[in-house]
Amino acid sequence: MDNILQGLNAAQRTAVESPASVVQVLAPPGSGKTKTLTARVAHLIAHRQLQPWNIIVCTFTVKAASEMKERIKSFVGEDLAKQLKLGTFHSVALRYLKHYGQHIGLPKDFGIADTSDSKAILKRIIKKLGMSIEPGQALGRISSRKAKGEVDSKPGKGPKSVDQQEFLRLFEEYEATLAASNLLDYDDLLLRCRFLLKSHPQCVSNVEAVLIDEFQDTNNIQYELMGLFAQQYNRITIVGDPDQSIYGFRSAEIKNLSRMKKQWPDTITINLEENYRSSGAILHAAQNIIEQDESRPPKRLQATHTFGLRPVLRKLPTAYAEAEWLVSEIKRMRALSGNSIQLSDFAVLLRSAALSRAIETALGNTGIPYRMVGGQRFYDRAEVKLVVDYLRVIHQPENSEAVERVVNDPSRSVGDTSIRKLREEAERKGVSLWSVILDISQGRCTTDMKLNEATRKGLASFVNVILSGRKKMESWSTEPPSVTALINVVSQKIGLEAHLRRKHSGDETFEARWSNVEELMAQATEITASGKLNELVESQRLPQVEGLDQTTESAEDVLSVFLANIALTASAEKKAEEDGEKIQQVTISTIHAAKGLEWPVVFIPACYDGSIPHSRADDHDEERRLLYVGMTRAQALLYLSCPIKNTQREETTISAFLTHQGAGRYFDEHGPSLPSSAVASLCTTLRRECPTEACFLETRKTVDSDEDNHWPLNGEEVFAESNRWDSGATGNALPGFGTARHIPTVQASTLHQKQVYSTASATMQAGFTSVKDRYDNLMEQAQLRKVDKRAEEKKSAEEAPKGRKRLMDGQGTITGMFAKKQRPSTEPSAPSQPSFKSARPLQPMSASASNTHPGPLPAARPPLPTHKPRSAPLTRKPSKQTDENDATGDRYMFLSSSPQKGDDEPPPAKNDEAEDQEEANDVVPAFRPASTLHTTSMSSATTTRKTLGVRRSLQGWSARKS
DNA sequence: ACGAAACGGTTTTTT
DNA sequence: ACCGTTTCGT
């Protein structure tokens, strides 16, 4: 407990120990935000004698919540940590509603409507009312209304537009439908909780401190909730960073920062300014981007690392070329580093999940394992959802949404028309859909509806399934509850396995789908496992407060707990380690989902207008911040890239954020060279064994080229040159380490005049299909086609892109299903993991102490890179090292060197202006002992593993057994 | 008339 | 993978 302050810098300590009751910590990326917040929690418990169960900590994501819990554990131990009231706003709100909902007339055992429920409801109402609004849009409008808290007040003044009136009508119907199905949507959880805490302040009379993570993401309701949680003692600590506000679309209000200062005038603000994550070069670039927002108050952000390698901004012909380039860079980095950069060190961050397709294909074709986070979520998978929806009906038959979704799946001859009739009947009688169906199946139907005999039969079999499930559940009063058994009942009754097999006979996804079902059962088993349930109920319990009754959960509520957690966790994360070793896979993630995480190497593809900023985004400042957040996830190397044609083969414009004024000067046009000296320093700083020279030789052979030189720098198609496709065959074997030959090739019309391309390529290994090989192959075929075409009609060169696209489609790699894509037949390496189960992003690398030290380091900060038309990649002086003993977990940086390969000799000065030339052949490893507790999620996780030996992957309700 | 299968076009971000 | 539309089959 006394190590709480260890490894904190002055500003962080101030924040942790501050006696002020209301504290704002403004913390830019990588500055130790979470570390500070967790240390403060520990401090409150250890030194201010607060009881953990009287402390509320709110985060925005489940992942952030479990990470925080892990960290606090390492400070105060598991026993105390698990008593904290820690979770997402929604889960904390749910907890209060479960316990005290009775006092505000909330029916007990309400369900949670997820987005698809809400959309389905809206869609139906829209159709019924003959409106034209899109369900998604309507939901957004409703949600933002709710989030702003305008829901109770109905200012009836002023004539409303027709549109407004229509919307209000829709809103009302939507609310009525939710109520009829006994459902609360996400916003309702917060709204009702606010109402509860306003009307029954006793609920939170015990709360001594409230801490909020990522405060810039709070919306009005969450802000009010924060104040309500803290209403007894007004002790609040928040951490946040306005620059990282990327949830405006969810009604986050940056203004809440100033609102808070106004509401609690004695608020003190502490600024963290030192970045412990990224190299100076990355930070400079990111800083330049964020500063384009002129309305933003200037803020200091201090690099503590050396300058390192410049970020890359790479142009490529198409999204497919971009994906292949990305893969080739991963391979190149790995090979040139003697495999000391691992697959788990790479992340690909995307503006939208849909962009992953080309990249998944390219990775799959190369056999590089990856996993996608933040895209399709486990519980959204059709087959999982199906089972879950059956459980929802069993748990809560009045949930007509769920009933409607499963009544005809598997097909029971109950089509849209029949459902509509049933629904109308239910409305007429004022009862639930389920009770109408039940009546019909039991021959108790008073009104004679014209239903097919087949339909009647189908309804009967549906009722049978549900009743069997309910019977099973009733048995739980006498025997231990098992959700797994319940799932089994459902699965048997509906013949799930056969159903899935039939449904997916064409697409070979059955295996993956069935294994998803099995995974769901495994998770159900976990929650039901002996002890787990009690533990869970225990951790959810709220302290008794005087004069207010609580509803307590009992064994019969297992299903309820299980379902609520599914609704609030969204993604079941798989463990990221196997036998203490990280699973080696590349992470693909949306930028949103990557917030708070970091990786040694980060790619941000598709940096074009329409993607970032997104075409449907109206707040470009937020889009800019999004890019900033993405960029600042990178520790050592950052790649941005842009296909000059998008997936629809339209020309793209590179993102305005990257062309703004002199933004270009922060980037290199191609991936960096990696001479052995850089690798050596890299390995030392990564605390990975430096590969032997023999190893280098081995691994270097596996890439086609030592340099990022396969695609022209201006993004043009490669087809322009006719001499290109045989270069692979004539490539020379690498004569010796670092002495690859340069074969200058003149590129067709590059923007820069003196492009020198090294086409030195290593010998291909038999059976190894390299990107280049494949590419050359494609080109050859494309050329052939072209010739053919030319024979019949007189068309020429412009067709090349089309030809290529068609070829790629023809391979079946673009349109195939995931499972297919990932298990390509011609694999040089291990097949990738199915991406159906999304998983917790890996924690990239070790950050533990090193006992070597490179010696005295220059104190000066490097100058900003100056603009050069085309610079030889610059070598940078190591930047100022911050005080050695803050030791807050610096890791490494590798200093770039010149693009020349002969790293034994000083690289020739290509460019007279190359600054810092005197250092050009120097690679200075700069590292310091890292603390045991680090600012960032990644290193903390690593550290946790180091100290505990076992890293638990905790996710909301299910902790894995170690 | 109704339901199922086959096809074609599209996808912001999250609790 | 999802959604709406069209077509085919009872």
Side-chain angles (χ1 to χ4, degrees), chain A residues 58-65 87-94 112-116 118-120 123 134-136 140 143 146-147 184-190 214 217 219 221-222 245-252 349-357 373-377 379-383 385 408-421 450-452 454-455 458 502-507 509 513 564-571 589-595 606 610-619 622-623 625-626 629-630 647-648 815-818 836 956:
Chain A
C58 285
T59 63
F60 278 81
T61 63
V62 180
K63 198 158 51 184
T88 61
F89 269 102
H90 293 86
S91 76
V92 173
L94 174 66
I112 298 168
D114 64 23
T115 310
S116 61
S118 298
K119 277 209 184 121
K123 202 161 110 191
E134 299 263 328
S143 176
K146 285 187 173 184
L184 296 185
D185 70 13
Y186 289 125
D187 298 301
D188 287 337
L189 292 177
L190 305 179
E214 306 276 18
D217 291 334
N219 62 31
I221 294 292
Q222 288 162 331
S245 165
I246 52 176
Y247 284 100
F249 69 92
R250 216 170 63 181
S251 308
L349 306 184
L350 307 164
R351 168 67 245 261
S352 47
L355 293 167
S356 71
R357 231 182 34 171
V373 285
Q376 243 274 349
R377 285 189 278 280
Y379 297 117
D380 281 345
R381 253 113 220 198
E383 62 282 3
K385 218 168 164 57
N408 198 33
D409 191 0
S411 160
R412 296 188 181 92
S413 306
V414 185
D416 293 342
T417 325
S418 305
I419 291 180
R420 206 185 57 235
K421 284 182 191 163
K450 290 173 207 152
L451 289 175
N452 277 338
T455 307
R502 206 172 339 110
K503 199 166 173 184
H504 302 284
S505 51
D507 57 21
T509 58
R513 289 173 193 277
N565 275 289
I566 282 178
L568 292 182
T569 41
S571 70
S589 169
T590 58
I591 300 179
H592 284 90
K595 194 167 173 195
S611 174
I612 277 206
H614 197 274
S615 51
R616 298 173 76 159
D618 32 296
D619 184 351
E622 178 154 315
E623 296 291 303
R625 291 192 294 267
L626 197 51
V629 167
T647 20
Q648 265 76 52
T815 47
M817 291 289 294
F818 283 128
F836 275 97

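Throughout, protein chains are lettered first and strands after them, A, B, ... in sequence-line order, and every chain is numbered starting at 1.
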Side-chain H-bond candidate by donor/acceptor type, A:Lys385 with A:Ser116, under 3.5 Å
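A donor-acceptor contact under 3.5 Å links the two side chains.
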Just checking [X]: base, sugar-phosphate only, or nothing, at a heavy-atom cut-off of under 4.0 Å?
X        : value
A:Phe89  : nothing
A:Thr61  : sugar-phosphate
A:Lys595 : nothing
A:Ser615 : nothing

Would you mind telling me which of [options] lies closest to the side-chain atoms of [X]?
X        : options               : value
A:Ala354 : B:dT15, B:dT11, C:dC2 : B:dT11
A:Arg250 : B:dT15, B:dT13, C:dA1 : B:dT15
A:Tyr247 : B:dT14, B:dG3, B:dT11 : B:dT14
A:Ala593 : C:dC2, B:dT14, B:dT13 : B:dT14
A:Phe249 : B:dT15, B:dC2, B:dT13 : B:dT13

Figure out the [atom1]/[atom2] separation between [X] and [N], and round it to whole Å.
X        : N      : atom1 : atom2 : answer
A:Asp416 : C:dC3  : CG    : P     : 13 Å
A:Lys421 : B:dC2  : NZ    : C1'   : 9 Å
A:Lys119 : B:dT15 : NZ    : P     : 14 Å
A:Asn408 : B:dG3  : CG    : P     : 8 Å
A:Glu622 : B:dT14 : CD    : P     : 12 Å
A:Glu134 : B:dT10 : CD    : P     : 13 Å

At less than 4.0 Å, is any side-chain N or O atom of [X] found next to OP1 or OP2 of [N]? Yes or no.
X        : N     : answer
A:Lys123 : C:dC2 : no
A:Ser418 : B:dC2 : no
A:Thr417 : B:dA1 : no
A:Arg513 : C:dA1 : yes
A:Ser411 : B:dA4 : yes

### Message
On DNA chain B, does the nearest nucleotide to A:Ile419 precede the nearest nucleotide to A:Glu623 from the 5' side, or the other way round? Give the residue.
### Response
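Upstream on the strand: A:Ile419.
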*asked:* Quick one, A:His592 with A:Phe249, criterion ring pair (Phe, Tyr, Trp, His ring centres under 6.0 Å). Give me CA distance, side-chain angles, the key distance, then yes/no.
replied: CA-CA 12 Å; A:His592 284 90; A:Phe249 69 92; 5.6 Å; yes
What stems, by residue range, does DNA chain B take part in, given at least 3 consecutive Watson-Crick or G-U pairs under 3.5 Å?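 So the stems come out as B:1-10 with C:1-10.
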Q: To the nearest 0.5 Å, tell me how far A:Arg625 CZ sits from A:Ile591 CD1.
A: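 Between atom CZ of A:Arg625 and atom CD1 of A:Ile591 there are 13.5 Å.
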